[in-house]
Amino acid sequence: MKKILFLTFFAISFLTCHSLEIKTDYPQLTDNNLTTYYIGTKGKEKIILQSPSNTAMLSYKIYSSGETPPHDPSNWVLKGSNDGKKWTKIDERKDQKFCSRYQEILCVIQNPGNYRQYMFEATTADKKEKLVIAEILLSEKNMLAGWENFKYPHIEFESLNPNTEGSKVYHKLVQNPDEYIKYHAQKVAEILYYTANDPINDVQNIEYTLEDKEGVSAKGGNSPSIHIFYSTRHIEKSAKESLYKLDFETRGVLYHELTHGYQFEPKGIGNYGNNKTFWACIEGIADAVRAEAGLFDMSTRKPGGNWMDGYRTTGFFLQWLTTKDPDAIRKFHLTVRDLDVWSFDKAIKAVFGPNSSIEGMWNEYQEFLKRQ
Ligand SMILES: [Zn+2]
């Protein structure tokens, strides 16, 4: 029972909330849970989605399942209708490939219109294979807005110990590591910045290695060129529970390490090795981004500690600030660039006004945690 709750929780927090209540005969496609699937029986499937209004849908996301890639949708058409009889093609995609399991493909609708019903028709690449889809998310927003011009880094991926169990199961999860890392690079930038046109602390090259050694993951170097290592031993351990658990962990760790590439570093207070405020700021923001992405088990959030403790203790606090201002993480991060001599208190004042303070905000957060 505990395990089921655990997985459901993860899955719910993983996806952004559906803004409209879309109804279908296949609730597993719209339940915000990537571990429940629509499983087709024929080569060609028709999935009807009912919208509560005829507001035009501008974009959608399709999620791959935890099954093997031949079961993924490869070619699809999206149609719209108001009477269920006359259907108009509003989007079409061919030869799509998901870079990993439980992965989204985001499509901006080519020919949007005001419809109450949508029909998603998809086929697998080899039409003999059964079609499996984890989730469909329709949105009346353009979910790519502001990020069309994101400059992806160049990725050099290498598995240094390809015969380890960890390396093998990684490739079961991730079919195209370059695309998987690029996707997460953009997602990290979306949490730290407003649009791709902001002056982003630009990462141009990422060397990413899977290595058979102790530890979890670490980032070296500084933008424009960074190196990230991910332990095959840690991968093997994380995969013991399920492939979904491995995915959750792998994405979470990647969000954290990529944040180190894209984040600004505090000025005027020493460095990562010799100043605790510097360290707590860097590691706190990295875990705040991971939490904002929905990739922590938030039930581990407990009262106690201090904002200077770094990692989750600081990260969960910074993420909680988004309940006061949805842009709190972005604004907090920009204080790191803008303040000459950075401190937590100055950063809180810069975001929430001169009457606020780090103590006051932390105490309020502690009260919130106690009520949880
Ligand atoms: Zn870190």
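Because the structure is predicted, anything quoted here is derived from the model rather than measured. One is the number of the first residue; the rest follow in order along the sequence. Just follow the structure's listing: the first ligand is 1, and inside any ligand the first atom is 1.
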Cation-pi check, Lys79 onto Tyr118 ring (under 6.0 Å, within 45° of axis): no
Do any of the N, O or S atoms of Glu257 sit under 2.8 Å from the Zn ion (ligand 1)? no
Rounded to the nearest 10°, what angle sits at the Zn ion (ligand 1) between OE2 of Glu283 and NE2 of His260? 90°
Under a 3.5 Å cutoff, is there a donor and acceptor pairing between the side chains of Glu211 and Thr209? yes
Sub-4.5 Å side-chain heavy-atom contact between Trp76 and Lys94: no
Is it true that atom NZ of Lys267 has more than 12 heavy atoms of other residues, nucleotides or ligands lying nearer than 6.0 Å? yes
What N/O/S atom of His256 gets nearest to the Zn ion (ligand 1)? NE2
